[in-house]
Protein chains: 2
Amino acid sequence: MPREITAFSNPLVKQTRLLREKRHRREAGQFLAEGLRILTEAREAGRLPATLFFSGDMAAHPLVTALVAETERAGGEAVLTTVDILSKLSGKDNPGAVLGVYEEFVTPLDHLDRSAAAIWLVAERLRDPGNLGTILRTADAVGAGGLILLDDSVDFFSVEAVRASMGALFTVPIARASAADFLVWLRTGPGQLVGLSLDTNQDYRAARYAAPIFLLTGNEAQGMPDALARACDLLVKIPMRGKADSLNAAVATAVMAYEVLAQLG
Amino acid sequence: MPREITAFSNPLVKQTRLLREKRHRREAGQFLAEGLRILTEAREAGRLPATLFFSGDMAAHPLVTALVAETERAGGEAVLTTVDILSKLSGKDNPGAVLGVYEEFVTPLDHLDRSAAAIWLVAERLRDPGNLGTILRTADAVGAGGLILLDDSVDFFSVEAVRASMGALFTVPIARASAADFLVWLRTGPGQLVGLSLDTNQDYRAARYAAPIFLLTGNEAQGMPDALARACDLLVKIPMRGKADSLNAAVATAVMAYEVLAQLG
């Protein structure tokens, strides 16, 4: 039976609002996701919130009632609240119908089964949460086995990353590792490490790929460090015909991933 | 000779700060761009700011001195200021070394020369400024003739769009039109209108493209209206193997544009 909260001063509202900040996410081991589409995607992937906020005017929507029922069945708490409080929690003028507090999760590198997929995405020191979410969405679309984030990458539980992922955060396994640990793990089995680079003449469409492929994208501003580039089995570049010297990192990752997908048939 | 402004209360500082809001941009016919890379890209494209703010600690940088000199030569004003004021103007804790106030510009549809490029990008009711900036960057990278924005699309002079474009805003011609006017203009000459859609079985790689190609991407949430889809010469889809049903709009545009580029050789 959902409890009802209508006061902004309610401690649970205050505590949930704090999860918009990285420091509080780390302390609580929890993060926020919002919107019926994303929470339904999460539910279908078997992830239910510890706390589910929903507004009265949407309470009869079948996707909302399904979320409420399954959250309570799984031992979570459903909270009936106002649009104004949802707006405060989500930081948006027009909040979604639902907002969930989820336990953070991460897949240890050695739990990834590289034989489970032909393509894996790897990003190094990714800075922009929108890029991270977009890359997760691409990972889902190309059927990648997962995303491996190297070194000091942006927090993938940030509100912006979760939003940009459109739910792919819940469906695509994510691992975090130092570049060094990743390379050690990679070489314990088969795997072609393919790096996107501006410092090569190898066109990405002329290259030949062999599964499992690990597609590596470097930092948005600097690209990848030389040592990591040298560790790649193959460096490829996407041609640029314009005046600027690079594509957006999430865009470049997707163009590459779809070329690999097409080659592998 | 640059004038110096160190007071937050200075009217020019206040007035410039207001350009972060769409209403004030419309009134003034001006917009903001920031950062040495973007302003240099603009300068190389022949666009100089009406007002250039730069901070003292970077004043000796050769790209800053070039911007100051050319801004003044073109009749603009260069303003030496503090990092704190640049931070206030840009809304970022770590502002770039320079920030420029530019006159808004737009290319009328009938000034576009369709024979000048093999690929043109068209976006319909685009909502997200980050997507817009990213699509401009892709337009630059694939050598597109320009970007045509249909109906009620996001303001491409917003701070977020300018930033995401990484300077491509200054190098890629942008036209705005209603879908109806665009279709009339399109059919006055050669041009294959290719729409990205989820409602077709035509794979984007199996399709055959003929220049000049107008690649049409619909609204992020809804795709394009049926009438516009029917007006396309060809509808194509990008395969999705995951649980979500769509790619980010800027990503899908880029994957398509690079396929077309490869086919045209």
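Basis for what follows: all heavy atoms, side chains included, without hydrogens, waters or symmetry-related copies. A note on names: the letters A, B, ... follow the listed sequences, proteins ahead of strands, and every chain is numbered from 1.
More than 12 non-hydrogen atoms from other residues, nucleotides or ligands lie less than 6.0 angstrom from CG of A/Asp57.
Comparing A/Ala45, A/Gly167, A/Gly130, A/Ala141 by how many heavy-atom pairs each has under 4.5 Å with chain B, the most go to A/Ala141. Each of B/Met256, B/Arg241, B/Glu259 has some count of heavy-atom pairs under 4.5 Å with chain A, and the biggest count is that of B/Arg241. The candidate from B/Ala257, B/Gly143, B/Ala252, B/Ala254 with the greatest count of non-hydrogen atom pairs under 4.5 Å with chain A is B/Ala254.
B/Ala168 does not touch chain A: none of its heavy atoms, backbone or side chain, sits under 4.5 Å away. Neither the backbone nor the side chain of A/Phe170 comes within contact range of chain B; no heavy atoms are under 4.5 Å apart. Of the atoms belonging to B/Glu44, not a single heavy atom falls under 4.5 Å from chain A. Using a 4.5 Å cut-off between heavy atoms, A/Thr134 contacts chain B through its side chain alone, with no backbone atom that close. Heavy atoms of B/Val142 lying under 4.5 Å from chain A belong exclusively to its backbone.
Tested against A/Lys237, the residues A/Asp203, A/Asn201, A/Leu196 include a single side chain to side chain contact (heavy atoms under 4.5 Å, CB included) partner, A/Asn201. None of B/Arg127, B/Arg26, B/Lys22 except one satisfies the salt bridge (charged side-chain N to carboxylate O under 4.0 Å, His left out) rule with B/Asp155; the exception is B/Arg26.
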Ring pair (Phe, Tyr, Trp, His ring centres under 6.0 Å) evaluation trace for A/Phe105 with A/Phe157: CA-CA 9 Å; A/Phe105 53 88; A/Phe157 293 120; 5.7 Å; yes
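The aromatic rings of A/Trp120 and A/Phe214 lie parallel to each other, with less than 30° between the two planes, well short of the 60° mark.
A salt bridge does not link B/Arg47 to B/Glu103: none of the charged nitrogens lies less than 4.0 Å from a carboxylate oxygen.
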